[in-house]
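Encoded as structure tokens, the structure appears first; notes follow it.
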Number of protein chains: 2
Amino acid sequence: MRILLAEDDPDLSRQLKASLQDAGYVVDHAPDGEEAHFLGDTEPYDCVILDLGLPKIDGVSVLERWRRDGKTTPVLILTARGAWSDKVSGFDAGADDYLTKPFHTEELLARLRALVRRAAGHAQPLLVCGGVRLDPRAARASVNGEPLRLTSLEYRLLHYMMLHQNRVISRTELVEHLYDQDFDRDSNTIEVFMGRLRKKIGTERIETVRGLGYRLKPLHNEVSEI
Amino acid sequence: MRILLAEDDPDLSRQLKASLQDAGYVVDHAPDGEEAHFLGDTEPYDCVILDLGLPKIDGVSVLERWRRDGKTTPVLILTARGAWSDKVSGFDAGADDYLTKPFHTEELLARLRALVRRAAGHAQPLLVCGGVRLDPRAARASVNGEPLRLTSLEYRLLHYMMLHQNRVISRTELVEHLYDQDFDRDSNTIEVFMGRLRKKIGTERIETVRGLGYRLKPLHNEVSEI
DNA sequence: CAGAGCCCTAAGGAAAACTTAAAATAGCAT
DNA sequence: ATGCTATTTTAAGTTTTCCTTAGGGCTCTG
């Protein structure tokens, strides 16, 4: 876990750096806004602790530049007591958290934990099967990067099969998961939809296992992927 | 944007609720921990403002229960001046931000903006989706630099969709976040407003996903994803 | 090679979404 | 307060989408 500490007060800097290192972080120190901006731009930090009253370039400006450049690293801002209007502008510039000096080191550490935890919790479950990708959060799928245009049932079918890829899935199982209880057992909808799906993602990708069901799998030449 | 305000002081509650509503939020109020826990459990809020000194069940306990149940709604905690050890335990219980009483309403609003924005995964204070821009601070939006003239509901609709762009958002989700508890479920307001928004920002930008909802996305030539 | 299992196509029909206009409500200034 | 305007909601009519059905042809297997 690597942290950028942008703070000009030498005493506070030394003390904070020590505490952070004790807590297991790797710490780089920037004594002014110019250095802070440069480091934040070039190095991949997990979090930045940014004092607003920095020499050369002030903290809010540094932050604004980063955000304008698309940096999303979490930033915790330090500010002097009572300068609450700084806070407002800092937040609106894209800060993720604030701390007023003087503060207890323990509180800073707690806030850091919260920030990093939050930033890391951004992993989204993306289903992949060869060149086929499905993002359940976005309700969207693609083949070889090309977005797929799927109807509701087609999507649900693909979703279920991606969740259970490489396994043979019976027609009954599919029906049970795609429809509610009462559904005409001897209907051929599943077959029809298999046909449509195949047409959209490539026939080869869904194998028919006669008498048992269907299996979704990557193409032969794709198997090595992920 | 729908918010739960859990605060027992009647004066402060009234004043805060008014300020929040002025700022365009839909606000539900819980005067004690029991009510707060119940509402937070049943309604989908975009953010919770939680006083630690609540009657019946105290704030930290309420928060702990939510987190144990897997709730990830951002929570901003209000606490009395000087009780900083509360903060630490509150953070570790899963709070996302802290504010010490007394505070400036403007600061609370700034922190709320930051929280909501962060929860949606945006570091930038300015929401961008292709040629559409929305500045939550100024409550302004534009298309290709051209300022948009939006009514209150149109704006809130666009705001919510920009926070969750590229994701399919159901009619239900929209209704739940744009209105408070009692709203007629089978009404077609959302459809009507989608029509109006589309007329203003361009039909292509809002894709309807039949049976699921709507998705706001950049135009084809503006960006490609997945 | 016969029969079961599967695939394909096209069209009917129903649900979902869109459009429009008018009624209801809220907001604002007089 | 009162009326005027802007906004929101309701409601009805229209269009679009796509789920389902059914029938003929194909393929695999015993």
Side-chain angles (χ1 to χ4, degrees), chain A residues 139 141 148-161 168-216, chain B residues 1-2 18 21-27 139 141 148-161 168-216:
Chain A
L148 275 174
R149 197 181 148 66
L150 299 176
T151 72
S152 167
L153 246 175
E154 285 163 5
Y155 173 81
R156 284 187 287 162
L157 193 59
L158 179 60
H159 186 195
Y160 191 81
M161 298 201 71
V168 176
I169 303 170
S170 71
R171 224 179 302 273
T172 322
E173 187 178 344
L174 286 173
V175 165
E176 277 169 352
H177 282 90
L178 298 180
Y179 297 93
D180 42 16
Q181 271 119 16
D182 39 276
F183 186 81
D184 188 9
R185 308 201 111 263
D186 42 333
S187 142
N188 67 340
T189 28
I190 295 297
E191 288 165 35
V192 172
F193 275 100
M194 278 300 165
R196 294 199 184 135
L197 244 192
R198 277 178 168 146
K199 196 169 285 173
K200 291 185 180 181
I201 71 173
T203 314
E204 307 294 299
R205 290 198 150 90
I206 299 176
E207 175 190 357
T208 301
V209 183
R210 184 169 245 254
L212 290 178
Y214 301 90
R215 169 174 23 221
L216 177 71
Chain B
M1 218 54 29
R2 191 165 160 201
Q21 285 173 337
D22 282 353
Y25 296 100
V26 176
V27 183
L148 275 174
R149 193 180 152 67
L150 299 176
T151 71
S152 161
L153 243 176
E154 284 164 5
Y155 172 81
R156 286 185 289 163
L157 193 59
L158 181 61
H159 184 197
Y160 191 83
M161 297 201 72
V168 174
I169 303 171
S170 71
R171 229 177 301 275
T172 321
E173 186 178 343
L174 286 172
V175 164
E176 278 169 347
H177 286 268
L178 297 179
Y179 299 93
D180 44 17
Q181 267 130 354
D182 35 86
F183 185 81
D184 186 9
R185 258 136 188 295
D186 42 336
S187 132
N188 67 341
T189 11
I190 296 296
E191 286 162 42
V192 173
F193 273 96
M194 278 299 164
R196 295 196 185 139
L197 245 191
R198 277 180 168 143
K199 199 165 283 172
K200 292 187 180 182
I201 70 172
T203 314
E204 306 292 297
R205 292 199 149 90
I206 299 176
E207 175 190 357
T208 116
V209 183
R210 178 174 246 251
L212 290 178
Y214 300 90
R215 162 165 43 216
L216 177 71

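FYI, side chains are in, hydrogens and waters are out, and symmetry mates aren't considered; it's all heavy atoms of this structure. The sequence lines fix the lettering, A, B, ..., with proteins before strands; numbering per chain opens at 1.
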> CD1 of I190(A) versus P of dT20(D): gap in Å, rounded?
Replying inline: 9 Å

> Do any of residues 150-161 of chain B sit with a heavy atom less than 4.0 Å from DNA chain C, and if so which?
Replying inline: none

>> Restricting to side chain to side chain donor-acceptor pair (under 3.5 Å), what partner residues turn up for E204(B), sequence neighbours left out?
In response: none

> Tell me: CD of E191(A) to C1' of dG24(D), nearest whole Å?
Replying inline: 14 Å

> Near DNA chain D, under 4.0 Å by heavy atom, which residues of residues 196-204 of chain B?
Replying inline: R196(B)

>> Of the options dA12(D), dT27(D), dA22(D), whose atoms approach the side-chain atoms of R210(A) most closely?
In response: dT27(D)

> Rounding to a whole Å, what distance do you find between F193(A):CZ and dT20(D):C1'?
Replying inline: 8 Å

> Whole-Å distance between dC19(D) C1' and L212(B) CG?
Replying inline: 15 Å

> Between E154(B) and R196(B), is there a side-chain N and carboxylate O pair less than 4.0 Å apart?
Replying inline: no

> First and last nucleotide of DNA chain C in contact with chain B, 5' to 3', at under 4.0 Å to a heavy atom: what are they?
Replying inline: dA15(C) to dT20(C)

> G213(A) or V209(B): which one's nearest nucleotide on DNA chain C is closer to the 5' end?
Replying inline: G213(A)

> Hey, what bend do you get for the helix from dC1(C)-dG30(D) to dT30(C)-dA1(D) if you fit axes on five pairs at each end, rounded to 10°?
Replying inline: 40°

> Which value, rounded to the nearest 0.5 Å, describes the distance between R215(A) atom CZ and I206(A) atom CD1?
Replying inline: 12.5 Å

>> I'd like to check the salt bridge (charged side-chain N to carboxylate O under 4.0 Å, His left out) partners of E191(A); sequence neighbours left out, ordered by chain and number.
In response: R171(A)

> Once you round it to whole Å, what is the distance between P of dT20(D) and CG of L174(A)?
Replying inline: 13 Å

> According to a strict under-4.0 Å criterion, is S187(B) in side-chain N/O contact with OP1 or OP2 of dT10(D)?
Replying inline: yes

> Who pairs with Y155(A) by ring-ring contact (aromatic ring centres under 6.0 Å, His included), at least two apart in sequence or on another chain?
Replying inline: H159(A)

>> Which residues pass the side chain to side chain contact (heavy atoms under 4.5 Å, CB included) test with V27(B), not counting sequence neighbours?
In response: L5(B), K17(B), L20(B), Q21(B), Y25(B)

> Under the side chain to side chain contact (heavy atoms under 4.5 Å, CB included) test, which residues partner T208(A), sequence neighbours left out?
Replying inline: R198(A), Y214(A)

> Rounded to the nearest 0.5 Å, what separation is found between the OG1 atom of T172(B) and the NE2 atom of H177(B)?
Replying inline: 10.5 Å

>> Run the side chain to side chain contact (heavy atoms under 4.5 Å, CB included) test against A141(B) and tell me which residues pass, sequence neighbours left out.
In response: L134(B), L148(B), L150(B), L158(B)

> Within this structure, what is the OH-to-C1' distance between Y179(B) and dT7(D), rounded to whole angstrom?
Replying inline: 11 Å

> Excluding sequence neighbours, so at least two apart, what forms side chain to side chain contact (heavy atoms under 4.5 Å, CB included) with R156(A)?
Replying inline: S152(A), L153(A), L178(A)

